[in-house]
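Have a look at the structure below, then the notes.
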Amino acid sequence: PDGDLYVDKYLYDRRSPLFNEQLYVRFLKAQGGSRAGFLLEQISKNREGSSATDFLYFTKDNVRCSLSDNYNKSEFILLVFYDKSCENCQRTLEALRESTGIKASVDADRLKVIAVDISVEDKEEWLGAEPELPLWCESAMLGESEFFDEAKYFFEEMPALYLLEGNGTVILKQAFLPDVIGTLSF
């Protein structure tokens with residue numbers, strides 16, 4: 001129904017001043033039906049306050065890692081899921097490159113940044129390509145087809161930024177870079 005689109009727009013669009021994931025979840029539960037059930041399942045993944053779902057990835061050094069390998073090595077972990085053909089992703093990556101606060105936190109071992117290019121189809125081509133990201137940012141590609149097959153993360157739009165505590169607890173989900181910077185309060 002058309003009314004659902006308004007609720008989606010106002011309660012579950014991060015750009016909306018009325019954004020409220022908890023209220024949107026309550027609306028979906030009350031609404032019922034297959035659409036609401038699907039959205040509830042997707043939204044419940046990696047919610048703020050929950051543990052981030054672990055996944056495998058490869059680094060530019062062709063090392064296979066998991067998200068959980070990074071737990072308790074820094075105060076925070078910033079996951080940046082992006083598609084290299086996405087203009088908004090490129091703008092966000094440029095802002096990330098230019099953020100002196102982010103770089104300072106990485107240099108102080110307070111923050112680990114893992115940027116995952118979800119558009120990679122050819123691992124060998126990706127490994128041979130010039131890095132698009134600063135050296136202080138771990139460039140990664142997904143290391144398992146199950147990531148999408150099992151829909152481990154729900155991407156409403158790209159890029160998708162997740163700020164985690166060092167132990168893997170989600171602090172911010174699908175955040176904008178200024179929100180991440182504000183939360184870290186450099």
Side-chain angles (χ1 to χ4, degrees), residues 7-28 39-55 57 67-68 70-119 132-134 136-142 147-148 151-186:
V7 174
D8 293 349
K9 178 180 177 179
Y10 290 107
L11 291 183
Y12 203 64
D13 182 336
R14 294 220 174 251
R15 288 178 214 75
S16 168
L18 302 176
F19 171 81
N20 186 321
E21 186 176 75
Q22 291 178 333
L23 191 56
Y24 187 61
V25 165
R26 289 176 54 196
F27 166 77
L28 291 173
L39 289 171
L40 274 169
E41 181 182 336
Q42 298 308 309
I43 291 168
S44 67
K45 295 174 182 174
N46 303 297
R47 289 191 70 187
E48 293 173 2
S50 70
S51 294
T53 301
D54 202 10
F55 63 91
Y57 65 91
L67 173 60
S68 61
N70 298 284
Y71 292 171
N72 301 313
K73 293 183 179 176
S74 62
E75 191 177 344
F76 301 100
I77 301 168
L78 175 60
L79 295 176
V80 181
F81 294 100
Y82 72 99
D83 179 329
K84 64 183 171 205
S85 65
C86 160
E87 289 180 25
N88 193 37
C89 296
Q90 293 306 318
R91 282 191 296 275
T92 300
L93 291 175
E94 183 61 31
L96 182 69
R97 278 193 242 5
E98 294 174 358
S99 174
T100 56
I102 295 271
K103 183 178 181 325
S105 286
V106 171
D107 290 345
D109 292 327
R110 183 172 177 237
L111 175 69
K112 169 129 189 194
V113 179
I114 305 170
V116 183
D117 183 348
I118 66 165
S119 64
E132 301 172 347
L133 303 166
W136 49 264
C137 182
E138 184 165 70
S139 185
M141 68 166 276
L142 294 172
F147 185 88
F148 289 113
K152 291 188 174 189
Y153 284 72
F154 177 54
F155 302 128
E156 293 174 75
E157 60 183 75
M158 298 302 289
L161 280 63
Y162 287 77
L163 181 62
L164 313 178
E165 291 180 15
N167 65 5
T169 301
V170 178
I171 300 171
L172 294 175
K173 171 184 175 179
Q174 300 245 1
F176 297 113
L177 188 57
D179 296 329
V180 170
I181 292 169
T183 299
L184 293 171
S185 60
F186 298 111

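Worth knowing before you read on, the calculation uses all heavy atoms, side chains too, and leaves out hydrogens, waters and symmetry mates.
In terms of heavy atoms, Leu133 sits closest to Ala115 at CD1-CB, 3.2 Å. The shortest heavy-atom contact between Tyr57 and Ala140 is CD1-CB, 3.3 Å. Scanning all heavy atoms of the two residues, the minimum distance from Val170 to Leu172 falls at CG1-O, 3.6 Å. Closest of all the heavy-atom pairs between Asn46 and Ser51 is OD1-O, 4.0 Å. Across all their heavy atoms, Glu156 and Gln174 have their closest contact at N-NE2, 3.4 Å. For Leu67 against Ala52, the heavy-atom pair with the smallest separation is CD2-CB, 4.0 Å.
Listed by chain and residue number, nothing satisfies the side chain to side chain donor-acceptor pair (under 3.5 Å) test with Asp109 (two or more places apart in sequence, or in another chain). Qualifying salt bridge (charged side-chain N to carboxylate O under 4.0 Å, His left out) partners for Glu94, counting only residues two or more places apart in sequence or in other chains: Arg97.
Residue Leu78 is tested with Leu96, Leu164, Leu184 for a side chain to side chain contact (heavy atoms under 4.5 Å, CB included); the sole match is Leu96. Partner Val80 forms a side chain to side chain contact (heavy atoms under 4.5 Å, CB included) with one of Ile114, Leu93, Val180, Val116 and no other, that one being Leu93.
Distance check: Leu161 CG to Phe81 CZ gives 9.5 Å after rounding to the nearest 0.5 Å. Atom CG of Leu177 is separated from atom OG1 of Thr92 by 6.5 Å, given to the nearest 0.5 angstrom. In this structure, CZ in Phe76 is found 8.5 Å from OG1 in Thr183, a value given to the nearest 0.5 Å. Atom CG of residue Leu142 and atom OG of residue Ser119 lie 9.5 Å apart, to the nearest 0.5 angstrom. The line from CG of Asn88 to CG of Asp83 is 11.0 Å long, rounded to the nearest 0.5 Å. From Lys45, atom NZ reaches atom CZ of Phe154 across 8.5 Å, with rounding to the nearest 0.5 Å.
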Next item on the list: Dump the intermediate steps for side-chain contact (heavy atoms from CB on, under 4.5 Å) on Tyr71 and Ile77, then the final yes or no.
Entry: CA-CA 8 Å; Tyr71 292 171; Ile77 301 168; 3.9 Å; yes

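By the 4.0 Å N-to-carboxylate-O rule, Glu48 lies too far from Lys173 to be salt-bridged with it.
Between the side chain of Lys112 and the backbone N or O of Asn70 there is no donor-acceptor pair closer than 3.5 Å. Remark: the backbone N or O of Ala95 is not paired with any side-chain donor or acceptor of Ser99 at under 3.5 angstrom.
Taking the six-membered ring where tryptophan is involved, the planes of Phe155 and Phe148 are perpendicular, since the angle between them exceeds 60° and thus also 30°. Ring geometry for Phe147 versus Tyr153: interplanar angle under 30°, hence parallel rather than tilted (30 to 60°).
The number of heavy atoms from other shown groups lying within 6.0 Å of CZ (Arg26) does not exceed 12.
Residues Tyr82 and Asp117 have side chains in contact (heavy-atom distance under 4.5 Å, counting atoms from C-beta outward). By the 4.5 Å heavy-atom criterion applied to side chains, Gln90 and Lys84 are counted as neighbours.
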